[in-house]
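Working notes for the structure below.
All ligand and atom numbering here is 1-based and tracks the order in the structure. Just so we're clear, the structure is a prediction, and the values are computed from it rather than from any experiment.
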Amino acid sequence: MRHCDSELHVSGRSEYVDDVAPPANLLHAAIFGSPVAHGIIRSLDTSKALEVPGVIAAFTFDDIPGEGYIGQIVADEPLFADKKVVFHNQPIAMIIANSHEAARKGTLACSTKIEELPAITCPREAFKQGEILQELRVFEKGDVDSIWDSCDHVITGKVDLGGQEHMYLETNRCRAVPMEDGQIKVFSSTQSPSATQKTIASVLGIPMNKVEVDVKRLGGGFGGKEDQATQWACMAALAARSLNKPVQIVLNRVDDMQMTGKRHPYKQDFKIGLTKEGKILAFEVDHYQNSGAFMDLSNPVLERTCLHSTNSYAIENVRIRAVPCRTNLPSNTAYRGFGGPQGMFPLEAAIAEAAKELCVERDWLQSQNIAQGGYTFHYGQNLEDNRLKQTWDQAVADFDLEGLRSRTKEYNDTHTMSKKGFALMPVCFGISFTKTFLNQGSSLVHVYTDGTVNVTTGGIEMGQGISSNMIAICSRIFGINHERIRCNSTNTSRIANISPSAASATSDLNGNATIIACREILSGMKKVVAKELKCDASEISIKDGQVYCGENATELDWNTLVLKSYFSRVQLMAHGFYAPPNISFDPIKGWGRPFHYYTYGTCLVEATVDCLRGTYSIDAAKVVHDLGRGIIPTVDLGQVEGGLAQGIGWVTLEELKYADDGRLLSFALSNYKCPDGDFLPDDLEVKFLENVDNPGGPLGSKAVGEPPFMYGIAAYFAIRNAIDSFSSTNEDEIKCPMTPEQTLHLLYPNFEYD
Ligand code: LUZ
Ligand code: MOS
């Protein structure tokens, strides 16, 4: 089976929110954003916009009938700026017109007088000024303070870790259609339909049962639409309800890049202590998270940063401090890995610095400290098996690390202006929402009398293949061909209280719920045939659409079985609900068993640096990944390769630049560089651990969405490793991404700039 949307996608026939034939009288919205990053609104005038031909209405904060402030964790974000602005291009007003172009012209005619205030863009500076969204959090294990004296080496450093634009192909969009009796139907490009439903209800001041949110598919989400699709849906709904006409909002690329949050940049301080034999005795890290203007998801993102700060390594003395700092940027948000990558980076940097000081290979130091089964993390959970180490050992063996080491050395000995490097990255990523209550999934399975099947779950199709996974699961449980099964849009009227499609958990939660629903239908059907065949229901099975009694095929096929069940008045639709057992986490104590299980893997990246230009190529990326028993091999492979590519982009080319006054300078694809197909290595190899199971995942599978992102971190250290063969890097602050510009700085640390 392939990704069920693949043919529609490659032929351009898959429909997104605004591709569906528009209703008559569809109106269009455009946003007027703040011209400055921080200030007090002294006046606001939208009257000139109303004179633009085609413009019908303007909305500001004062036009909101219900709650004007939104936010899932803290409702601290005004839908439109309320008396002050706190980031550049923050929405101040919405213009509605009979065409998208007229609406945009309307926004250009809006004017505002703002008394400008100084903008803060650096989280360290925000922290100094007391601009924090929440008190400092501390996670501790052992006793770091008393161990430094017994370390042979103690190394400190600073990290400046960049953010990342989500760059989903489909920008944020929504269509809202008013229905009878004050109801509203919303087609939104959101990862979180129930949060969207709830927030629209709150903004409009109406009950949730009057709001229906429907999501067919997204053109990518990556976390960018976990929380930040909501505001656009609320705006469209607000206009649709007040004007009693359908309203559509589609952000253009520049608006989307300027108005929405990104991966959180961090500033970090680390301290690592080791024995001369290479054992890490202590690790301490302070995380200053650049949260942007509002809370959004900064709290759980920071939590995952803390949980993954020791990544795959066994360290007995740990202290992690973390604080979300308020800055004058759009609120930063979820992004594949959800703070995990930012948690893992400083320790990888610390290991690189330690390797230099100890004069050992970085990978040797990593291997000496990889966590094994039985290790207890600083938040109380145990590593229960040895599969992490198994992926490392297999990567070292299968990818011939020793051969690579000698080939690299030989190359570097014989080349003066070109150097090669490599790095390994082990990943141990916890699967579950750390907010335990979110770990629930629902599924609704319908079997129709012609033998076809429809499945609806809480999972959002955003390209990752959740629909295909749900179809594959139905197909396996029912024992019928996948071509008989369709996956529906996700809809709040069919499934209630949907957790966001996030945390890599969508397939687990909704897949297990689907299994429960299918089994319920199947058990009713089996009773019908058992009676007819005079055998026990437990002996009945279905394979390839044929009914079996024990080992023997019967005359019955699936279609006949369905009809017989229908005429016997047996239920052919069922709802399944699943919540993983045995997880709990106390966020105050920072203690518990937050994760259902871990997804593991190890990645090896090889790079070549042009030491004249500072350019580089990623020559190879090779992965050993623990997938359990995968559901659809090509879908899983797509997730691993896509995550890896996105991770490599984060640490190499993708650089967010802000002016001192808080304006985003990298606001388009022309000034923000994403890796493309040519940038990625031809030598790309992904191996899956063989003969491994996962009792926690549907059909023995493991969550695969986010963990591969962190493999990309290997690219950063591979380039650094190559640079180290040319010059000795010793900067005050370790900067990521490693752009070619940054590479050149490191190659020529003593170069005098005019
Ligand atoms: N979203 C969320 C996530 O709300 N909570 C999480 O723990 C999480 N983890 C990863 C990605 N998204
Ligand atoms: Mo995500 S960062 O799992 O929406």
Trace of the side-chain hydrogen bond (donor to acceptor under 3.5 Å, both in side chains) decision for Thr434 with Glu303
CA-CA 8 Å; Thr434 58; Glu303 186 160 87; 2.9 Å; yes
Determine whether the side chains of Thr199 and Gln231 contain a donor N or O and an acceptor N or O closer than 3.5 Å.
no
Protein contact of atom 7 (O) of ligand 1 - nearest heavy atom, named by residue and atom, plus distance
Thr434 N, 3.0 Å
Ignoring hydrogens and angles, state whether a donor on the side chain of His166 or Thr260 is under 3.5 Å from an acceptor on the partner side chain.
no
Pairwise distance CG(Leu302) to CG(Leu297) - rounded to 0.5 angstrom:
12.0 Å
What is the closest protein heavy atom to atom 11 (C) of ligand 1, and at what distance does it sit?
Glu706 OE2, 3.0 Å
Which atom pairs, one a donor and one an acceptor, fall under 3.5 Å between side chains of residues 703-710 and the rest of the protein, sequence neighbours left out?
residue	atom	partner	partner atom	Å
Glu706	OE1	Ser504	N	3.2
Glu706	OE1	Ser504	OG	2.8
Glu706	OE2	Gly337	N	2.8

Evaluate the criterion salt bridge (charged side-chain N to carboxylate O under 4.0 Å, His left out) for residue pair Arg593 and Glu384; output intermediate values, then yes/no.
CA-CA 12 Å; Arg593 190 176 186 281; Glu384 282 159 8; 3.2 Å; yes
Quick one: look at Arg304 and ligand 1, take heavy-atom pairs under 4.0 Å, and tell me if it's side chain, backbone, both or neither.
side chain
Any idea which of Phe595, Phe433, Phe429, Phe338 brings a heavy atom closest to atom 10 (C) of ligand 1?
Phe338
Under-4.0 Å heavy-atom contact with ligand 1, by part of Glu226 that carries it
side chain
If you take all heavy atoms of His308 and Met344, which pair is closest and at what distance?
O-CG, 3.5 Å
Heavy atoms under 4.0 Å from ligand 2: which residues qualify?
Gln191, Gly223, Glu226, Ala334, Tyr335, Arg336, Phe338, Ala502, Ala503, Glu706
Tell me, please, which residues at least two apart from Asp626 pass salt bridge (Lys or Arg N to Asp or Glu O under 4.0 Å).
Arg387, Lys702
Using heavy atoms and a 4.0 Å limit, tell me yes or no: is Arg336 in contact with ligand 1?
no
Residues at least two apart in sequence or cross-chain that pass ring-ring contact (aromatic ring centres under 6.0 Å, His included) with Tyr597, listed by chain then number, are none
